[in-house]
Amino acid sequence: MQQVSLYALNDSQLGNYQQARMSRDQRFDGLFFVGVKTTGIFCRPVCKARMPLEKNVQYLRSAAHAIESGFRPCLLCRPDSAPYSCAWQGVNTTVERAITIITEQLDISIESVAQRLGISTRYLAKLFEQHLQISPKRFQLTQRILFAKQLLHETTLSIESVAQSAGFGSSKRLQYHMQQHIALSPSQVRKTKTHYPLKRSQHISLFLRYRPPYDWPAIRDFFALRQLHGNEIIDERSITKCMMINQYKVVFVAKHSANKCGFDVVLDLEDVRAIKPAMSHIRKLLDLDADPIAIASALASTGLPKALIKEGIRLPGIIDKFEGACRAVVGQQVSVKAAIGQLNLLNFMLNKRLDKESVQSKRAHNPALASDSAVEFASLQPFLRPNDVANADVSFLKMPNARKQSLSALATLLGNNPQATEEDWLAVKGIGPWTVNYVKLRHATLPDVFLHTDLIIKQQIKKLANDNIDIHSALAAPYRSYLTLNLWNNS
DNA sequence: GAATTCCCCTG
DNA sequence: CAGGTGATATTG
C-alpha cells in the first residue's frame with residue numbers, strides 16, 4: 001500500500017482534484033476518488049471523514065482503479081453510491097459501449113460482450129488495457145462487487161439474492177471476491193449503518209445520486225408535458241413509470257430529493273436480476289451521470305448569453321427504443337401538445353394490456369395524479385411493442401397518411417430486427433435525419449446531438465440573431481445535445 | 001448520548 | 001503494522 005499505485009492520476013488536473021477534495025465540492029462527486037495510502041481506504045471527494053494529509057493521498061480515476069490498486073471502499077462515504085464517472089467518455093467508443101453493456105448486465109460474459117461489439121475478446125482486452133489500464137474481466141468484477149455492496153447497504157435482500165443481482169453465481173462466490181478485493185465480507189457490510197432507513201417492504205429501494213446542480217423542475221415539466229397515460233405518472237416531486245426489462249415488467253417511482261442530491265427510487269420487479277438494468281435505465285432517463293460543470297462551460301463557449309443558460313440542465317431520456325421511435329415520428333413537424341395527443345391515442349387504442357377505464361377516469365379526474373403505491377404498480381403498463389403497431393390499422397390517428405405509413409413501416413422494421421442500423425432506419429420512407437437524431441438524443445442519450453434542422457431550434461437561433469447574438473453550436477461539442485435542449489427550453 | 005468510522009501518531 | 005487518540009457526522 002505504501003508505494004504509489006499504477007492507477008494513480010498524475011496529470012495536469014491534479015491541482016483541481018486537490019481543490020475539489022479540500023472543499024468537498026459535490027460537483028466533483030464520482031469524477032475521481034481519493035485513496036489514502038496510510039489506511040488503504042478510498043473515498044469520494046465529498047467524504048465527511050477527517051481530511052487526510054496531501055502527502056498520504058493519491059487521486060484515482062475510478063472506483064475500479066482504486067480497488068485494483070488494493071484500496072477498499074470507505075464505509076462512511078460509500079463510493080458505491082457515487083454518481084458514475086464519464087471520465088472515459090469520448091476516449092474510445094468501443095470501450096464506452098463495452099462499459100455500458102457490462103454495467104447494465106452484470107451477469108454477461110466478456111465473450112458475449114465482445115461478440116455484441118463485433119470484435120474478438122483479445123482485441124477488447126487490448127482496448128481496455130490501452131484506455132483504462134484494466135482488463136474487462138477485472139473491470140466487471142469491480143462493478144459487481146460495488147453493486148453488491150450497495151444492495152447490502154441499502155436493501156434487505158438476502159445475501160443469496162444480492163449475489164444473484166450482482167451477477168455472482170452464488171453467495172460463496174460473492175463472499176470470496178469481496179474478501180479478496182475489498183477486504184470486507186458481505187455480512188460485515190450488511191452490519192454497517194446506512195444513511196437511509198431500511199423500510200420493510202417487498203419493494204426494493206435504492207438511492208441514486210447525481211452531481212449538483214440538477215434542474216429538477218425543468219426535466220419534470222419536460223416529462224409532464226409529454227406524459228403517456230397508463231404508462232407513466234409525473235407529479236411535483238416524482239416520476240413513476242413502467243418498463244420492460246428482458247420479459248420482465250418493472251415499475252419504479254423516483255422521488256427527487258434536492259437536499260440529498262439524488263432520487264429515492266422504489267422498484268417493483270419480478271426478478272432480482274432486473275435490478276441493475278433497471279437502475280441503469282433510470283440513471284439514463286434522469287441523466288444522473290451528467291457532468292454539469294463541463295456542460296455549463298461548453299454552453300457558455302457557444303456565445304449563448306449567461307442569462308439564457310439553465311444551470312443543471314439534463315437530457316430527459318426515453319428508456320424504450322420503440323417508444324422513442326414513436327415519439328419521434330409522431331412529433332415530426334407538429335407541436336408537443338399535438339404529438340403527445342396522438343401518441344396517447346395510439347397507445348390507448350392498441351395496447352391490449354391497458355386497463356382503459358382506469359386510464360380514462362384518471363385523465364378525466366386529475367392528469368397530474370399523485371403517485372400512490374400499490375394501485376400504480378398494478379395499473380401501469382409498458383408501452384406498445386413494435387408488433388402491436390406493425391400489424392394494426394392506424395387509420396384512427398390524426399396525422400398525414402404518409403406519416404402513418406412511416407410509423408407502420410418503422411414498427412415492422414423494429415419488430416423484425418430490434419438491432420436495425422441507422423441506415424435501415426433511413427431507408428424507411430418518411431424517416432430522415434431529424435427523426436434518427438431525435439432518437440439518438442432521447443433514447444441513446446448521446447450527449448453530442450445538435451438538431452440544427454429542428455423548427456424550434458431554427459426559430460431560436462433566428463431570434464437570437466435578431467438580437468445580434470450569434471450561436472456557434474460547434475463549440476458546444478461534445479455536449480451539443482444540451483445546447484439543443486437549452487434552446488428548446490428557452491422557447 | 002452511545003456507537004460507528006476514519007486518520008494520524010506511536011512504539 | 002497493531003493499537004490508541006481525537007475529530008466528525010449520523011443514527012436510533
Side-chain angles (χ1 to χ4, degrees), chain A residues 1-5 7-9 14-15 17-83 142 145-157 159 162 175 178-201 203-212 255-266:
Chain A
M1 226 72 66
Q2 275 81 344
Q3 72 201 21
V4 173
S5 118
Y7 306 109
L9 280 165
L14 223 57
Y17 293 137
Q18 195 181 118
Q19 211 176 11
R21 168 176 90 87
M22 293 299 189
S23 57
R24 298 194 167 98
D25 192 332
Q26 300 230 45
R27 296 173 305 163
F28 293 88
D29 190 9
L31 292 184
F32 70 95
F33 292 87
V34 180
V36 183
K37 284 179 271 185
T38 45
T39 56
I41 295 172
F42 75 99
C43 294
R44 291 155 61 198
V46 300
C47 187
K48 283 156 183 162
R50 185 175 165 179
M51 191 72 68
L53 300 176
E54 189 64 32
K55 69 176 163 77
N56 292 332
V57 311
Q58 63 181 235
Y59 297 96
L60 298 141
R61 265 198 296 170
S62 71
H65 288 113
I67 291 174
E68 199 69 358
S69 311
F71 293 102
R72 76 148 170 91
C74 172
L75 290 166
L76 262 184
C77 62
R78 301 219 291 103
D80 50 277
S81 74
T142 58
I145 291 170
L146 288 169
F147 184 61
K149 183 165 175 291
Q150 181 170 23
L151 291 184
L152 289 167
H153 278 296
E154 297 183 27
T155 74
T156 52
L157 285 170
I159 297 196
V162 170
Q175 154 111 43
M178 271 201 144
Q179 198 58 254
Q180 200 74 186
H181 288 87
I182 62 174
L184 289 166
S185 69
S187 48
Q188 253 178 310
V189 171
R190 169 111 320 152
K191 265 199 336 220
T192 59
K193 291 227 172 70
T194 59
H195 297 244
Y196 315 105
L198 293 179
K199 293 193 192 86
R200 281 217 61 74
S201 143
H203 304 309
I204 290 151
S205 31
L206 289 168
F207 190 71
L208 306 188
R209 281 208 172 72
Y210 56 71
R211 280 172 280 270
K255 190 171 185 188
H256 184 235
S257 172
N259 45 6
K260 289 190 290 181
C261 292
F263 287 79
D264 282 299
V265 173
V266 179

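What you are looking at is a predicted structure, and each value in this text was computed from that prediction instead of being measured.
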* Asked: Hey, are the side chains of K255(A) and V266(A) touching, using non-hydrogen atoms and a 4.5 Å cut-off?
  -> no
* Asked: Would you call the rings of F32(A) and Y17(A) parallel, tilted or perpendicular, where under 30° means parallel and over 60° means perpendicular?
  -> tilted
* **Secondary-structure string, 5' to 3', Watson-Crick or G-U under 3.5 Å, | for another-strand partners, for DNA chain B** => .|||||.||||
* Asked: Less than 4.5 Å apart, any side-chain heavy atom of L184(A) and any of M178(A)?
  -> no
* Which whole-number value in Å describes the distance from E154(A) CD to dT11(C) P? -> 12 Å
* To do: Identify, with sequence neighbours excluded, every residue that meets side chain to side chain donor-acceptor pair (under 3.5 Å) alongside Q188(A).
  => S185(A)
* For the side chain to side chain donor-acceptor pair (under 3.5 Å) test, which of E154(A), Q150(A), R209(A) pairs with S81(A)? -> R209(A)
* Please list, chain by chain and in numerical order, all residues satisfying ring pair (Phe, Tyr, Trp, His ring centres under 6.0 Å) with Y210(A), sequence neighbours excluded. => Y214(A), H256(A)
* Structure fact -> Rounded to whole Å, the CG-C1' distance (L184(A) to dT4(B)) equals 14 Å
* Applying salt bridge (Lys or Arg N to Asp or Glu O under 4.0 Å), name anything that partners D80(A), two or more places apart in sequence or on another chain. => R78(A), K149(A)
* **side chain to side chain donor-acceptor pair (under 3.5 Å) partners of Q26(A), counting only residues at least two apart** => none
* Asked: Can you give one letter per nucleotide of nucleotides 6-11 of chain B, going 5' to 3': B for a protein heavy atom under 4.0 Å from the base, S for sugar-phosphate only, - for none?
  -> SBS---
